[in-house]
Amino acid sequence: MTQRRMLLTNSWLGRYVLCFGVLVISHALHLSSRAQAQLPTVKHDRLGVDLLRMSDGTKLYGFALGKNEDGSIPFAVERSWLEKTHADVFARREASEVSALKQAKQLLKSRVEAWIEERSSEGEKSAGLVQHLKFELRSINFDLDEDPTAPTTMFLLMNILPADLAELKVAQMTNRHIAGIAYGKGLQDVVITPASILRRKLEEMGVDLQQEQVDLADEVPATAVTTEKQWAARQAIYEYHFREPLEYQGTGSTLFRTGEDVDMTALAGQMLAGNNADMITQLGVDLGLPEFKQFKKDPKDKSWSKKITQEAERDGFRGVLVTRLGQSITSSNVSVDVHFFVKESPGKWFELKNFKTTSNVNTQDPNRVDRIKEDPQVKKAMELVGALIPGASNRLDLALQHGAATEQALEDSKGKFMQFLSEHIEDLESPRIEISK
């Protein structure tokens, strides 16, 4: 072969090898890109995360955190997953997140300053609250003085507007719980892993899924509440804890302010004489007497709360806790509802939370019953009833069992409220307060 032909051949071979190499590299890069994009390959009902499809077709996997008053949906997405799978979306959202966080801090600052000014005039009554707010204000000012940077939390919080939302599929409650625990325990690839596999991995780690609670509040960027209703709820919760708690207890519409002096003799007399419409009416309804059919109330009726919230507002409170006993003389179950009401604006209140617990009268610890029997107030009431109703001992024994069941249900319901309270008084910004519709 001549030297010229050899050069041509080598040149052609070189170009072929070069082109083939480019194709191989290109294909490898394409495969690498696809490997990084972590889209699930199983049906959504097997996953523990929610699926949100945007109007442009982009699929996001994470957790929908309720719904804002304007119809938008706060959606928490794992940062590393979003960056790998939708790099362009991640870049845009992270940039807007930084700006939004600074605006939220500025709004929070103005709200806290106005709050401090309002309560400072009350002197000692609100001294603890004001001192705590001033401490939080210093932290807010420090954050504003720093150059804003993207949060380092596990999740990026995206606010999806109604116009950008095409579809939202929320994962099954059990699967969602498993995914939340998996994130908290540091498992990888939670987005693309079926909940059944996540469950197996967690059980192998010794995690009790029935007892383990999901706590990812610190992994979602802290932002000041964006609605007046959420801010009102935060203020009510803080003032209940740091300023002065306001509580009412009772049954039906017979509700007493905690700490008030109640005339036990007069109260028992009213009940036994038949002047207490709630008790007599409830008894007639429970027994199915036809004369009392018209008195059966709608269980959703909240008219009983109006007087209490009016009194709370009159006395300068933003929140009030109401504990109501649900008791039927013909039932072996006792229920206790703990309601927390919040003042949204003058004359307008809403129920933020309702914790309900049921306890069975026949399964009470005898020691609990005996302890209640020895209570001075209970003794006084029993003596009064015994004097007014001869042979009432059986009724009194049943009443003591009801009392023990009530006490247990009350402890459980109040415990749920205190847990909610403790989770929302550590910081003015998080965790997010969900407002029931």
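Not measured: the values here are computed from a predicted model. Just so you know, these numbers use all the heavy atoms, side chains as well, and skip hydrogens, waters and symmetry mates.
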**Request:** Run the numbers on E429 and R234 for salt bridge (charged side-chain N to carboxylate O under 4.0 Å, His left out), then give the verdict.
**Result:** CA-CA 9 Å; E429 299 174 281; R234 184 75 70 180; over 6 Å; no

[X] atom [atom1], over 12 foreign heavy atoms within 6.0 Å:
X: K59; atom1: NZ; answer: no
X: E426; atom1: CD; answer: no
X: E167; atom1: CD; answer: yes

**Request:** Go through the side-chain N and O atoms of W349 and E313 and say whether any donor and acceptor fall under 3.5 Å apart.
**Result:** yes

**Message:** Checking T227 against Q230 for the side-chain hydrogen bond (donor to acceptor under 3.5 Å, both in side chains) test, could you report, in this order, the C-alpha distance in whole Å, the side-chain angles of both residues, the deciding distance, and whether it holds?
**Reply:** CA-CA 5 Å; T227 70; Q230 286 173 315; 3.1 Å; yes

Given 3.5 Å as the limit, does a donor-acceptor pair link the side chain of [X] with the main chain of [Y], or not?
X: T309; Y: K306; result: yes
X: S126; Y: L129; result: no
X: R53; Y: L165; result: no
X: H177; Y: L209; result: yes
X: E219; Y: M154; result: yes
X: T58; Y: M54; result: no
X: Y238; Y: L428; result: yes
X: S99; Y: S96; result: no
X: R79; Y: T153; result: yes

Under the side chain to side chain contact (heavy atoms under 4.5 Å, CB included) test, residues paired with [X] that sit two or more places apart:
X: L410; answer: T323, V336
X: D88; answer: H86, R92
X: Q172; answer: D45, N175
X: Q131; answer: none

Considering non-hydrogen atoms only, spot the tightest contact between [X] and [Y] and give its length.
X: D50; Y: A64; value: OD2-N, 2.9 Å
X: M158; Y: L82; value: SD-CD2, 4.2 Å
X: G180; Y: L216; value: O-CD1, 3.8 Å
X: A195; Y: G48; value: CB-N, 4.3 Å
X: I73; Y: G66; value: CG2-O, 3.8 Å
X: E78; Y: Y183; value: OE1-OH, 3.0 Å

Do the side chains of [Y] and [X] get nearer than 4.5 Å, heavy atoms only?
X: F355; Y: D337; result: no
X: L101; Y: K105; result: no
X: V322; Y: E247; result: no
X: F350; Y: K229; result: yes
X: F63; Y: V49; result: yes
X: R119; Y: E239; result: yes
X: E228; Y: R111; result: yes
X: F75; Y: L60; result: yes

Applying ring-ring contact (aromatic ring centres under 6.0 Å, His included), can you list everything that pairs with [X], at least two apart in sequence or on another chain?
X: H424; answer: F420
X: F317; answer: none
X: F340; answer: Y240, F417

**Request:** Scan for side chain to side chain donor-acceptor pair (under 3.5 Å) pairs involving residues 188-202, sequence neighbours excluded, and state none if there are none.
**Result:** Q38-D189

**Prompt:** Run the salt bridge (charged side-chain N to carboxylate O under 4.0 Å, His left out) check on R257 and E311 step by step: do they pass?
**Reply:** CA-CA 10 Å; R257 189 165 176 166; E311 291 179 0; 5.2 Å; no

**Prompt:** Yes or no on side-chain contact (heavy atoms from CB on, under 4.5 Å) for L39 and I192, after CA distance, side-chain angles and deciding distance?
**Reply:** CA-CA 6 Å; L39 291 173; I192 61 176; 5.9 Å; no

**Stepwise side-chain contact (heavy atoms from CB on, under 4.5 Å) test for Q419 and S422** = CA-CA 5 Å; Q419 176 64 31; S422 66; 4.2 Å; yes

Which residues pass the salt bridge (charged side-chain N to carboxylate O under 4.0 Å, His left out) test with [X], sequence neighbours left out?
X: E113; answer: none
X: K356; answer: none
X: K348; answer: E344

**Item:** Sequence neighbours excluded, every pair satisfying salt bridge (charged side-chain N to carboxylate O under 4.0 Å, His left out) that has a member inside residues 150-159
**Value:**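 Qualifying pairs: none.
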
**Request:** Show the numbers, then the answer: is there a side-chain contact (heavy atoms from CB on, under 4.5 Å) between L168 and I160?
**Result:** CA-CA 11 Å; L168 175 62; I160 309 299; over 6 Å; no

**Plane angle bin for Y61 and H44 - parallel if under 30°, tilted between 30 and 60°, otherwise perpendicular** =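 Because their plane-to-plane angle lies in the 30° to 60° range, the rings of H44 and Y61 count as tilted.
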
**Message:** What I want to find out is whether K185 reaches E212 closely enough, with some N-O distance under 4.0 Å, to be called a salt bridge.
**Reply:**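 Salt bridge present between K185 and E212.
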
**Request:** Carefully, step by step, assess F90 and K84 under the rule side-chain contact (heavy atoms from CB on, under 4.5 Å).
**Result:** CA-CA 9 Å; F90 175 77; K84 291 176 182 178; over 6 Å; no

